[in-house]
Amino acid sequence: MSNEELQRQVSDELVWDPKVDSAAIAVSADDGVVTLRGTVGSLRQKHEAKQGAERIYGVKRVKNELEVQIMSDDRRDDADLRGAVLQAFALNSLVPPSVDAKADNGLIRLTGQANWQYQRDEAEFVASNVTGVVHVEDEIQLVPAGPTAEDLEHSIKKAMERSAKLDAESVDVESSNGTVTLRGTVSSWADHDEAVGAAWAAPGVSEVKDHILVAY
């Protein structure tokens with residue numbers, strides 16, 4: 001696929017997506033690497049635009065250089081913004097009460113501890129959806145109980161084997177002190193995400209090193 005065709009398909013996808021206001025988004029493509037530039041009205045839209053570009057066949061990587069510009073009516077002072085984020089956390093049972101947030105001119109810094117990566121992801125997702133947030137820095141520490149490396153590798157491989165989307169034999173798993181390293185080659189980004197998700201879902205994982213290649 002040519003750069004021009006890939007650029008057109010990504011642009012069409014962003015126009016089609018009702019969650020993204022693409023009017024001020026410029027798309028460029030270079031050998032499978034798509035760059036998004038311009039402005040959007042919320043951090044949620046910035047994330048949705050990146051995900052929309054990643055849905056297009058032929059995209060190898062997305063450089064998300066979009067800037068979030070909050071409308072005047074949606075701007076909030078630091079105390080109000082922090083309170084809104086903490087209230088959103090309180091209403092979400094997936095975010096542990098040990099997670100805290102600090103606000104500084106639209107930037108939210110998440111601190112505290114969580115036992116699972118999905119809890120950290122959920123906290124970042126919830127904070128990103130609060131009106132007035134322009135950026136989220138996730139400094140939440142993972143403090144899981146650590147199984148043996150052999151048990152961890154075994155549980156991840158079993159999770160991959162159960163997946164109908166993924167050829168588990170195409171991905172090698174190594175574990176050391178809670179850090180899981182994934183290597184191999186898969187045929188789609190869906191397979192890639194499935195493998196990485198299986199690794200993060202295993203109890204005791206504090207870091208995932210992703211060396212999986214996507215080959216169309």
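Basis for what follows: all heavy atoms, side chains included, without hydrogens, waters or symmetry-related copies.
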Keeping [X] on the side-chain end and [Y] on the backbone end, is there a donor-acceptor pair under 3.5 Å?
X	Y	value
Lys157	Val171	yes
Gln7	Val27	yes
Ser155	Ala202	no
Arg120	Asp138	no
Asp104	Leu107	no
Asn105	Asp78	no
Ser2	Glu5	yes

Indicate if Tyr57 and Leu213 have the same hydrophobic cluster label, given that clusters are the connected sets of ILVMFWY residues with side-chain heavy-atom separations under 4.5 angstrom.
no
Can you tell me how far apart [atom1] ([X]) and [atom2] ([Y]) are? Round to the nearest 0.5 Å.
X	Y	atom1	atom2	result
Ser42	Glu48	OG	CD	8.5 Å
Asp12	Ile56	CG	CD1	8.5 Å
Asp100	Leu86	CG	CG	5.5 Å
Asp191	Ser188	CG	OG	3.5 Å
Asp80	Gln87	CG	CD	11.5 Å
Thr111	Ile140	OG1	CD1	7.5 Å

Nearest heavy-atom neighbours spanning [X] and [Y]:
X	Y	answer
Ala195	Ile212	CB-CD1, 3.7 Å
Val126	Ala88	CG1-CB, 3.5 Å
Ala198	Met160	CB-CG, 4.1 Å
Ala101	Phe89	CB-CE1, 4.3 Å
Leu6	Gly58	CD2-O, 4.0 Å
Leu152	Pro203	CD1-O, 3.3 Å

Can [X] and [Y] be counted as an ion pair, charged N to O under 4.0 angstrom?
X	Y	answer
Lys50	Glu54	yes
Glu174	Lys209	no
Arg61	Asp31	no

Please state whether the rings of Tyr118 and Trp116 are parallel, tilted or perpendicular, taking 30° and 60° as the class boundaries.
tilted
Does [X] reach the side chain of [Y], with side-chain heavy atoms less than 4.5 Å apart?
X	Y	result
Asp21	Val40	no
Leu43	Val134	no
Leu14	Leu36	yes
Leu182	Asp172	no
Met1	Val59	no
Val130	Arg76	yes

Tell me which one of His47, Arg44, Glu124 satisfies side-chain contact (heavy atoms from CB on, under 4.5 Å) with Asn129.
Arg44
Applying the side-chain contact (heavy atoms from CB on, under 4.5 Å) test to Ser128, which of Val85, Ile108, Val136, Val68 qualifies?
Val136
Full working for side-chain contact (heavy atoms from CB on, under 4.5 Å) between Arg55 and Asp17
CA-CA 11 Å; Arg55 287 194 293 266; Asp17 191 338; 3.2 Å; yes
Test His192 against Asp210 for side-chain contact (heavy atoms from CB on, under 4.5 Å), laying out the working first.
CA-CA 9 Å; His192 167 275; Asp210 174 16; 2.5 Å; yes
Heavy atoms from other residues, nucleotides or ligands near CD of Glu67 exceed 12 (cutoff 6.0 Å):
no
State whether the number of non-hydrogen atoms from other residues, nucleotides or ligands found under 6.0 Å of Lys19 atom NZ is greater than 12.
yes
Could you check Val143 against Asn115 for side-chain contact (heavy atoms from CB on, under 4.5 Å), going step by step and ending with a plain yes or no?
CA-CA 5 Å; Val143 288; Asn115 293 325; 3.8 Å; yes
Decide whether Asp121 and Gln117 meet the rule of one side-chain donor and one side-chain acceptor closer than 3.5 Å.
yes
